[in-house]
Protein chains: 2
Amino acid sequence: MKEDHVDRILGQWRTERPDLDVEPMGLLGRLARLATYLGREVEKTFLELGLTSASFDVLAALRRSGAPYQLSPGDLLATMMITSGTMTNRIDQLEKAGLVERLTNPEDRRSVLIALKPEGLDLVERAVTAHVANQHRLTAFLEPDERVAFDAILRKYLLALE
Amino acid sequence: MKEDHVDRILGQWRTERPDLDVEPMGLLGRLARLATYLGREVEKTFLELGLTSASFDVLAALRRSGAPYQLSPGDLLATMMITSGTMTNRIDQLEKAGLVERLTNPEDRRSVLIALKPEGLDLVERAVTAHVANQHRLTAFLEPDERVAFDAILRKYLLALE
DNA sequence: TTGAAGTATCTCGATTTCAAGATAATATCA
DNA sequence: TGATATTATCTTGAAATCGAGATACTTCAA
């Protein structure tokens, strides 16, 4: 099988540190590299619409929650692997861009509701359509049966870790 | 099969946007999430030694290149998915920490050689040993045959993209 | 009722990264 | 040779993120 970038790294380690079993480094190295590449490809689609993966994630969470497209920062936080400070910043940017607004939550005044504005709703509808089309393109590198096997392993691995 | 975080997201989209085939979103979403989790687990090991994944990557590239453990910033850049400005900053930090030094390259005065200092060599030897042990722990969530299948798909996917 | 504990969000400062372009040395070739 | 293109690295300013802690409100229990 053709040697790739990660194989060369493993070969160097096997020469320099033959005491180490670097087998797992191949899998984890490829996984990290692949995720970075795919993440950048995904980002390109959002950039064309004036979004980033980060801002899309917030808009998408609001959109898929269903009408009236409102969630608290805490709700949003629960679905993403970021800190509360980062979420505050993301919401600030989206608010500045006129895509969402902060509403006071009458039921709990510690809390806030982030609501999709019509401009945000319109944008995220177009963004998710383009994003899904792009995802089809990016997964087309694998055969259908490979995708099924891949997804099954990813799911198992994630469940074991989470 | 047990429903995971990504399944819930797909379920929401299928309700809200039944026009979209969100199948690929499951695979790509799990891949991104898994890479983030594993990356954080990897980071913890380095943190105990006063390193980050970023600084380890540079030290490790120097170490595995073999004696005399010297590479140019350009050489280092070729193995990592970062910009030249980021590399300059990483080398600055490592130099400040006394782990590497910049040597003038007599053969090309545009260039510079980054050399592992004894302190850097000692640290990276310990770091890579701990890192590989940690990688064994992190890949033990999968069965040997799953790891083989997983790695084969990752390799194919990466080759198709790179 | 009131004080303590808990919860939700935001603030702050530090760090890392990137994109774009500056700087300096080397290579090319008319 | 001299002008131009190329290469290698660094600089700069902007943006995203994090960890730690501040602030404000709510819940609980004595």
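Heavy-atom basis, side chains included; hydrogens, waters and symmetry copies ignored. Lettering follows sequence order; numbering is per chain, from 1.
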Can you tell me the distance, in whole Å, between the [atom1] atom of [X] and the [atom2] atom of [N]?
{"X": "A:M80", "N": "D:dC18", "atom1": "CE", "atom2": "P", "result": "12 Å"}
{"X": "A:Q93", "N": "C:dC10", "atom1": "CD", "atom2": "C1'", "result": "14 Å"}
{"X": "A:F56", "N": "D:dA16", "atom1": "CZ", "atom2": "C1'", "result": "19 Å"}
{"X": "A:R90", "N": "C:dC10", "atom1": "CZ", "atom2": "P", "result": "14 Å"}
{"X": "B:L113", "N": "D:dT9", "atom1": "CG", "atom2": "P", "result": "9 Å"}
{"X": "A:N89", "N": "C:dT15", "atom1": "CG", "atom2": "C1'", "result": "15 Å"}
{"X": "B:M87", "N": "D:dT9", "atom1": "CE", "atom2": "P", "result": "10 Å"}
{"X": "B:R40", "N": "C:dT16", "atom1": "CZ", "atom2": "P", "result": "16 Å"}

Checklist entry - Does B:D122 reach the main-chain N or O of B:E119 with its side chain, forming a donor-acceptor pair under 3.5 Å? => result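 No.
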Item to check | B:R63 side-chain N/O to A:E16 backbone N/O, donor-acceptor pair under 3.5 Å | outcome: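 Confirmed, B:R63 side chain pairs with A:E16 backbone.
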Next on the checklist: For a quick test of reading the model: is some side-chain N or O of A:R102 closer than 4.0 Å to OP1 or OP2 of C:dT9?
Outcome noted: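 Indeed not, no polar side-chain atom of A:R102 lies that close.
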Next on the checklist: Any side-chain N or O of B:R109 below 4.0 angstrom from OP1/OP2 of C:dT26?
Outcome noted: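 Yes, within the criterion.
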Next on the checklist: By nearest heavy atom, map A:E107 and B:S111 onto DNA chain D; which one lands nearer the 5' end?
Outcome noted: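 Final value for this comparison: B:S111.
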Checklist entry - For the side chain of B:R110 and the base of D:dT7, is some donor closer than 3.5 Å to an acceptor across the two? => result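 Present.
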Checklist entry - Is any N or O donor-acceptor pair between the side chain of A:S84 and the base of C:dC10 shorter than 3.5 Å? => result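 Answer is yes: a donor-acceptor pair is held.
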Next on the checklist: I want to confirm an ordering. Mapping B:G85 and B:D108 to their closest nucleotides on DNA chain C, which one lands closer to the 5' end?
Outcome noted: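 Whichever sits nearer the 5' end wins; that is B:G85.
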Pick base, sugar-phosphate or nothing for [X], based on heavy-atom distances below 4.0 Å to the nucleic acid.
{"X": "B:T86", "value": "base"}
{"X": "B:G74", "value": "sugar-phosphate"}
{"X": "A:T52", "value": "nothing"}
{"X": "B:I82", "value": "sugar-phosphate"}

Checklist entry - Any side-chain donor-acceptor pair under 3.5 Å between A:T86 and A:N89? => result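 Looking only at side-chain atoms, A:N89 and A:T86 do not form any donor-acceptor pair under 3.5 Å.
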Checklist entry - Is the gap between the ring centers of B:Y37 and A:Y157 under 6.0 Å? => result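 No; A:Y157 has its ring centre 6.0 Å or more from that of B:Y37.
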Checklist entry - Going through the distances and angles, do B:R64 and A:T15 end up as a side-chain hydrogen bond (donor to acceptor under 3.5 Å, both in side chains)? => result CA-CA 8 Å; B:R64 70 175 185 262; A:T15 299; over 6 Å; no
Checklist entry - Among D:dT9, C:dC18, C:dT9, which is the nearest nucleotide to the side chain of B:T83? => result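 Output: C:dC18.
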